[in-house]
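To start, the structure itself, in structure tokens.
Computation of the quantities below employed the complete heavy-atom set of this structure, encompassing side-chain atoms and omitting hydrogens, waters and symmetry-equivalent molecules. Sequence lines set the chain letters: A, B, ... in the order given, protein chains first and strands last, and positions in each chain run from 1.
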There are 2 protein chains.
Amino acid sequence: MNIQCPLPTTNKDSIRLGHGSGGEMTQQLLKNFIQPLFKNTWIDQAHDSATLPWKSDQLVFTTDSFVITPLFFPGGDIGKLAVYGTVNDLAMGGAEPKFLSCSLILEEGLPLSTLKRVLESMATAAEETGIKLVTGDTKVVERGKGDGIYINTSGVGTLLSNHPIDPSYIRPGDRILLSGDIGRHGIAVMASREGLEFESALTSDCAPLNWAVKALLQGGVEIHCLRDLTRGGLTTALVELAETSGRAFELDEEQIPVCESVQGACEMLGLDPLYVANEGRFVAVIPEEYAGQAIAILGEDPVGESCAIIGQVSDNPSCQVILKNGLGCDRLLQRLPGEQLPRIC
Amino acid sequence: MNIQCPLPTTNKDSIRLGHGSGGEMTQQLLKNFIQPLFKNTWIDQAHDSATLPWKSDQLVFTTDSFVITPLFFPGGDIGKLAVYGTVNDLAMGGAEPKFLSCSLILEEGLPLSTLKRVLESMATAAEETGIKLVTGDTKVVERGKGDGIYINTSGVGTLLSNHPIDPSYIRPGDRILLSGDIGRHGIAVMASREGLEFESALTSDCAPLNWAVKALLQGGVEIHCLRDLTRGGLTTALVELAETSGRAFELDEEQIPVCESVQGACEMLGLDPLYVANEGRFVAVIPEEYAGQAIAILGEDPVGESCAIIGQVSDNPSCQVILKNGLGCDRLLQRLPGEQLPRIC
């Protein structure tokens with residue numbers, strides 16, 4: 001497995017253990033690399049926590065750690081992913097993203113230029129999604145105890161809908177809307193990792209989903225549940241929702257969009273696109289009467305151009321996800337037993 | 001190419017890459033190890049975020065990652081530390097800790113029994129501090145890309161005081177209250193790491209500080225600023241506060257409590273206790289007229305038995321921290337340039 005950034009021997013241009021000491025070197029790192037990129041009232045206060053104004057009687061709260069390798073891949077990097085990932089989890093709770101924390105675990109020897117590039121990418125992604133980075137932490141581990149950079153982001157947001165959006169609202173007859181074609185992230189990362197080349201350039205679908213969710217809610221679409229597709233792909237997301245909600249889903253295989261490059265790569269590699277990771281796709285479970293309106297709104301958004309209704313919630317209490325193909329064959333979709341592609345996010 | 005199946009040689013009683021897949025193995029880990037320990041409405045919902053009730057127009061938000069080695073040390077472990085650390089950062093913002101997130105980065109090969117022990121410790125610490133773990137994430141990295149367990153916790157809390165507590169409130173004449181004797185955590189961890197033995201058993205000071213802060217505020221003590229002593233010890237905390245507030249501090253060396261074992265170990269190891277790490281100590285900057293009351297209240301709390309007023313804020317705008325000893329000598333305290341003891345928290 002190739003490593004994107006070979007670590008140089010210790011020198012002044014790379015991370016040293018002292019950068020995690022909490023002392024002078026940590027201070028310099030904050031002053032030179034972090035504070036200039038994320039200037040706001042709370043970061044500037046340099047306290048161990050941020051005290052933030054809150055105008056809602058509900059709070060949506062989420063966390064994710066990112067350990068993807070390589071750190072930079074076609075269409076994205078770990079910094080972008082770390083901001084989008086948490087913003088998307090907030091959006092999937094029906095929330096408007098408000099404030100973000102960022103905690104870095106850096107490996108001794110990481111080039112400072114790599115760190116800078118990742119942080120700049122985080123700053124751009126934060127700007128793009130409207131979330132403010134207000135608190136953080138930096139730790140350094142010895143060479144061989146990490147892998148360049150691991151990032152944790154946690155986020156808080158305010159509810160945009162008039163009720164929480166979670167699996168308990170899923171009802172029989174609801175339609176399952178998929179926001180776009182699947183599998184781009186997993187295949188792009190795998191190709192980058194293994195040095196594979198495809199006929200047409202394939203990039204990750206890595207994207208923020210908060211604006212699309214806001215457009216749906218503000219457009220008056222009633223949403224019962226949302227879930228972004230990450231590790232384990234479309235199948236894992238739907239199996240989780242079926243089990244948590246106690247409902248069964250019936251999917252129409254022909255309606256699930258998969259682009260030609262992903263389809264070709266999957267055939268070559270022996271993978272099933274239904275299980276390949278995504279970082280900018282989601283499913284929305286919505287009442288039937290809102291399906292047309294949702295497709296119209298989502299189709300206008302760059303992340304939803306190829307959105308489609310791919311199935312529905314049945315009144316069968318089996319908690320199963322059944323894939324129906326054009327030949328009348330049913331296939332029961334289940335979680336992957338093990339790991340398809342480690343460290344994909 | 002590393003796809004589809006984990007290697008069959010891996011032991012069933014330890015973490016495998018599949019535990020980070022988001023698939024069946026991740027699900028089993030959650031069901032068997034995490035959900036039974038942290039049962040509440042939000043964990044049980046199994047959504048990617050938690051939607052929480054919020055009864056305040058302010059929100060205190062903080063994050064920390066924990067990479068301490070060894071995972072278990074005299075007086076504590078990484079799990080306890082991860083809960084107390086974030087609870088303490090909330091308390092230092094004058095907040096009552098409400099909700100916690102937990103994100104794990106596990107190394108392939110970690111014994112499941114070790115994970116269980118750490119999670120049980122986190123559950124006990126959460127119970128003890130009154131914070132609820134409501135959302136989380138688990139990632140697995142390959143053998144040699146981590147060090148057993150890294151934990152990120154983020155937390156949110158509601159403000160207990162009638163104004164935010166941060167360095168901008170520090171005023172000349174304020175007294176500096178130290179909650180207890182210093183250096184126990186750093187020395188206990190170093191001893192455990194290096195196999196050193198001291199005459200009297202020394203344990204980490206690792207403790208939750210939220211109850212002590214609540215007692216001070218509810219007892220009517222006006223608090224201008226709080227800061228817990230962690231990496232870099234008492235000196236680093238005070239230098240940071242001096243610089244951020246633009247004030248100078250004068251400390252009386254004789255008033256700073258250091259227990260005999262820590263003093264002895266520091267002499268033997270060539271360390272200065274003023275820089276040794278703590279995980280259950282804090283300084284409070286308070287108006288002079290509240291000093292007696294604060295000592296009386298804090299002295300009643302187990303974490304504050306040996307509390308003392310150790311100095312005051314001067315009207316000198318130098319941002320310096322000056323240590324005065326009994327012989328009339330002044331010593332300028334500065335941040336450590338590099339690292340004294342890596343991975344102490």
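- With a threshold of 4.5 angstrom between heavy atoms, A:L159 approaches chain B through side-chain atoms but not through N, CA, C or O.
- Only the side chain of A:V67 comes within less than 4.5 Å of a heavy atom of chain B; its backbone N, CA, C and O stay farther away.
- The choice from A:K55, A:Q45, A:Q28 that makes the most heavy-atom pairs within less than 4.5 Å of chain B is A:Q45.
- Heavy-atom pairs under 4.5 Å with chain B were tallied for A:G22, A:S65, A:G157; the largest tally goes to A:S65.
- For the set A:A50, A:G23, A:S154, the count of heavy-atom pairs under 4.5 angstrom toward chain B peaks at A:A50.
- Both the backbone and the side chain of B:T51 come within contact range of chain A, with heavy atoms under 4.5 Å apart.
- Between B:I165 and B:L226, the closest heavy-atom pair is CG2-N, 3.7 Å.
- Under the 3.5 Å distance criterion, the side-chain polar atoms of A:R227 are left unmatched by any main-chain donor or acceptor of A:L238.
- Of the atoms belonging to B:C102, it is backbone heavy atoms, and not side-chain ones, that fall under 4.5 Å from chain A.
- For the set B:G146, B:G233, B:G148, B:P164, the count of heavy-atom pairs under 4.5 angstrom toward chain A peaks at B:G146.
- Pairing each heavy atom of A:L209 with each of A:N88, the nearest pair is N-OD1, 2.7 Å.
- Note: A:D48 leads A:D48, A:L17, A:T135, A:T235 in heavy-atom pairs under 4.5 Å with chain B.
- A:Q35 places no side-chain N or O within 3.5 Å of a backbone atom of A:D44 that could act as its donor or acceptor partner.
- Of the listed residues B:L341, B:T236, B:D64, B:V239, the one with more heavy-atom pairs under 4.5 angstrom with chain A than any other is B:D64.
- If you measure heavy-atom distances from B:L104 to chain A, you find no contacts under 4.5 Å at all.
- Ranked by heavy-atom pairs under 4.5 Å with chain B, the list A:G232, A:G136, A:G155 is led by A:G136.
- When heavy atoms are compared at a cutoff of 4.5 Å, A:T138 approaches chain B solely by way of its backbone atoms N, CA, C and O.
- The aromatic rings of A:W54 and A:F99 sit tilted, their planes meeting at an angle between 30° and 60°.
- The closest donor-acceptor contact from the side chain of A:N152 to the backbone of A:Y150 lies at 3.5 Å or more, if one exists at all.
- At a 4.5 Å heavy-atom cutoff, the contact between B:L100 and chain A is made by backbone atoms alone.
- Taking chain A as the reference chain and counting heavy-atom pairs below 4.5 Å, the highest number among B:P53, B:G20, B:P342 is found for B:G20.
- Residue B:T26 comes nearest to B:S21 through the heavy atom pair OG1-N, 3.3 Å, listed as atom of the first residue, atom of the second, then distance.
- No side-chain N or O of A:T158 forms a donor-acceptor pair with one of A:S56 less than 3.5 Å apart.
- No side-chain donor-acceptor contact under 3.5 Å links B:S103 to the backbone of A:T63.
- At distances below 3.5 Å, not a single donor-acceptor pair connects side-chain atoms of A:H185 with backbone N or O atoms of A:R281.
- Of all the heavy atoms in A:V60 and A:L90, the pair that sits closest is O-CD2, 3.5 Å.
- The most heavy-atom pairs under 4.5 Å with chain A, out of B:E24, B:R231, B:M92, B:Q334, come from B:R231.
- Ring centroids of B:W42 and A:F61 are separated by 6.0 Å or more, keeping the two rings apart.
- Contacts between B:D89 and chain A at a heavy-atom distance below 4.5 Å involve backbone atoms as well as side-chain atoms.
- Each of B:G94, B:C225, B:S168, B:P167 has some count of heavy-atom pairs under 4.5 Å with chain A, and the biggest count is that of B:P167.
- With respect to chain A, the highest number of heavy-atom pairs below 4.5 Å among B:Q58, B:K139, B:H19, B:E240 belongs to B:K139.
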